[in-house]
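Lettering of chains follows the sequences in order, A, B, ..., and the numbering in each one begins at 1.
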There are 2 protein chains.
Amino acid sequence: MGINERKERERDAVKDLILSAAREIFLAEGYENTSIRKIATKIEYSPGIIYNHFKDKNDLLLALHDKAFECKIEALFLSVQNMPDPLERLKATGRGYIQYGIDNPQDYELMFILSCTMEALAVKEEFWQDGAMAINMLKQNIVECMEAGYFRKDINPDEISLILWSQVHGLVSLHNKERLNIYAMEDQKAFMFRSYDVFLSMIQKSLS
Amino acid sequence: MGINERKERERDAVKDLILSAAREIFLAEGYENTSIRKIATKIEYSPGIIYNHFKDKNDLLLALHDKAFECKIEALFLSVQNMPDPLERLKATGRGYIQYGIDNPQDYELMFILSCTMEALAVKEEFWQDGAMAINMLKQNIVECMEAGYFRKDINPDEISLILWSQVHGLVSLHNKERLNIYAMEDQKAFMFRSYDVFLSMIQKSLS
DNA sequence: AAATATATTGAACACTGTTCAATTTCAAAT
DNA sequence: ATTTGAAATTGAACAGTGTTCAATATATTT
């Protein structure tokens with residue numbers, strides 16, 4: 001039955017069309033300005049079509065979230081995978097996270113700030129697997145730092161992972177939400193990375 | 001001219017009426033569900049009245065932001081003001097910040113996450129003075145820790161203040177936005193505070 | 001009592017997410 | 001070739017949103 005397969009392909013094509021139009025609008029105009037009607041107009045379909053492919057708007061945004069995780073966060077871990085030194089890898093991951101976060105504020109919001117994505121997961125009674133996966137990579141890296149002798153053996157990887165994640169998330173989100181303007185710095189981003197490096201040296205010193 | 005003063009009082013009374021109704025709805029239903037019409041209905045006025053007192057919705061939310069800062073953040077610094085030991089004061093401030101943030105997620109969003117407040121300030125070409133004030137208190141506290149011998153003299157208070165702020169903001173915002181559910185902990189809040197204490201001990205050890 | 005100034009209204013505009021009966025499209029069965 | 005049935009698609013409708021503004025009501029001054 002090749003016909004059913006073709007139909008399924010056509011269905012998926014429309015879904016992809018919706019998603020890429022949504023992504024374009026979302027990146028250009030942000031969460032607040034991404035409307036069902038704008039997406040529908042862009043792909044020259046009726047607004048109703050979107051509800052044949054997604055339960056609601058949150059569900060559509062969750063699909064964008066998934067794509068962002070797939071493309072970017074996984075790429076981040078891949079890009080440092082070849083670094084043999086676990087501590088250097090840990091440091092580079094954080095720097096890459098910050099850089100990605102400030103370069104892609106819309107995606108970052110979707111993944112780590114907006115409630116709609118977590119609500120869409122809750123409706124489907126699903127777990128935030130993308131997030132869990134990323135944190136596991138981080139914890140694994142911390143364990144490797146312990147095994148390599150960089151970190152004491154009596155530390156708790158869960159706690160350290162939360163400290164590291166909170167630090168970089170704090171930096172990115174305060175920056176993206178314009179809260180760092182109160183630091184009258186000539187180069188705000190350089191100030192962030194400098195502070196992150198200080199943080200890293202504190203980690204290294206106190207955990208060794 | 002007592003009449004003009006009375007008129008001004010009446011104007012302010014309506015403004016306060018709007019603000020307290022807005023605050024009630026905002027706290028109960030959150031940012032997304034706080035509408036001009038809901039506020040107007042609650043105080044039994046026409047929707048248009050709000051625009052006699054506020055430029056737009058962002059401006060109204062900025063007024064709520066100001067109140068939240070006035071009531072809570074200033075209270076936080078006051079509550080620790082009497083602690084003679086600067087390091088203990090610094091630690092307590094962070095703990096108080098986290099506690100306030102997770103106890104008052106709506107206010108926290110208004111102050112440190114939402115863009116609407118910073119946009120309202122930008123329109124008025126104003127500076128985020130509330131934020132700057134709070135960070136200055138923090139920096140002052142860090143300087144006192146240096147003077148008391150807790151911290152090395154060669155550290156940069158700006159960088160350390162950003163590290164401290166990012167850490168607690170990261171914890172609160174990840175928690176409030178449901179991102180910490182991936183840590184399958186029996187008591188998530190206890191895990192946060194435990195991690196914060198580990199962070200503090202790291203700070204203390206590495207900066208001394 | 002008339003004129004002025006201010007406060008307040010509520011309809012209108014252009015949007016929003018979502019639903020659903022009606023329509024179109026198209027492959028399968030007769 | 002025509003009917004049947006199922007799927008895809010539509011677009012109007014509903015209830016909501018922020019915002020504007022001419023019209024109205026209220027209160028003060030002349």
[X], [atom1]: over 12 other non-hydrogen atoms inside 6.0 angstrom:
{"X": "B:Q188", "atom1": "CD", "result": "yes"}
{"X": "A:M133", "atom1": "CE", "result": "no"}
{"X": "A:E10", "atom1": "CD", "result": "yes"}

In whole angstroms, how far is the [atom2] atom of [N] from the [atom1] atom of [X]?
{"X": "B:Y31", "N": "D:dT17", "atom1": "OH", "atom2": "C1'", "result": "12 Å"}
{"X": "A:E8", "N": "D:dA7", "atom1": "CD", "atom2": "P", "result": "13 Å"}
{"X": "A:I50", "N": "D:dT10", "atom1": "CD1", "atom2": "P", "result": "11 Å"}
{"X": "B:F54", "N": "C:dT8", "atom1": "CZ", "atom2": "P", "result": "13 Å"}
{"X": "B:L17", "N": "C:dT8", "atom1": "CG", "atom2": "P", "result": "11 Å"}
{"X": "A:Y51", "N": "D:dT9", "atom1": "OH", "atom2": "C1'", "result": "15 Å"}
{"X": "B:N33", "N": "C:dG17", "atom1": "CG", "atom2": "P", "result": "15 Å"}
{"X": "A:D56", "N": "C:dT16", "atom1": "CG", "atom2": "C1'", "result": "14 Å"}

Could you work out which one of [options] sits closest to the side chain of [X]?
{"X": "B:S35", "options": "C:dT9, D:dG18, D:dA8", "result": "D:dG18"}
{"X": "A:R6", "options": "C:dT18, C:dA27, D:dG18", "result": "C:dA27"}
{"X": "A:V14", "options": "C:dG17, D:dT19, D:dT9", "result": "D:dT9"}
{"X": "A:I36", "options": "D:dT9, C:dG17, D:dT19", "result": "C:dG17"}
{"X": "A:H53", "options": "D:dT17, D:dA8, D:dT9", "result": "D:dT9"}
{"X": "A:K38", "options": "D:dT9, C:dG17, C:dT16", "result": "C:dT16"}

Contact check, side chains of A:S173 and B:H169, non-hydrogen atoms, under 4.5 Å
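Yes; the side chains approach each other to less than 4.5 Å.
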Determine whether B:Y150 and B:E144 make a side-chain contact, defined as any pair of heavy atoms from C-beta on separated by less than 4.5 Å.
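No, their side chains stay 4.5 Å or more apart.
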Side-chain donor/acceptor contact of B:R37 with base of D:dG16 under 3.5 Å:
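Flag unset: no donor-acceptor pair detected.
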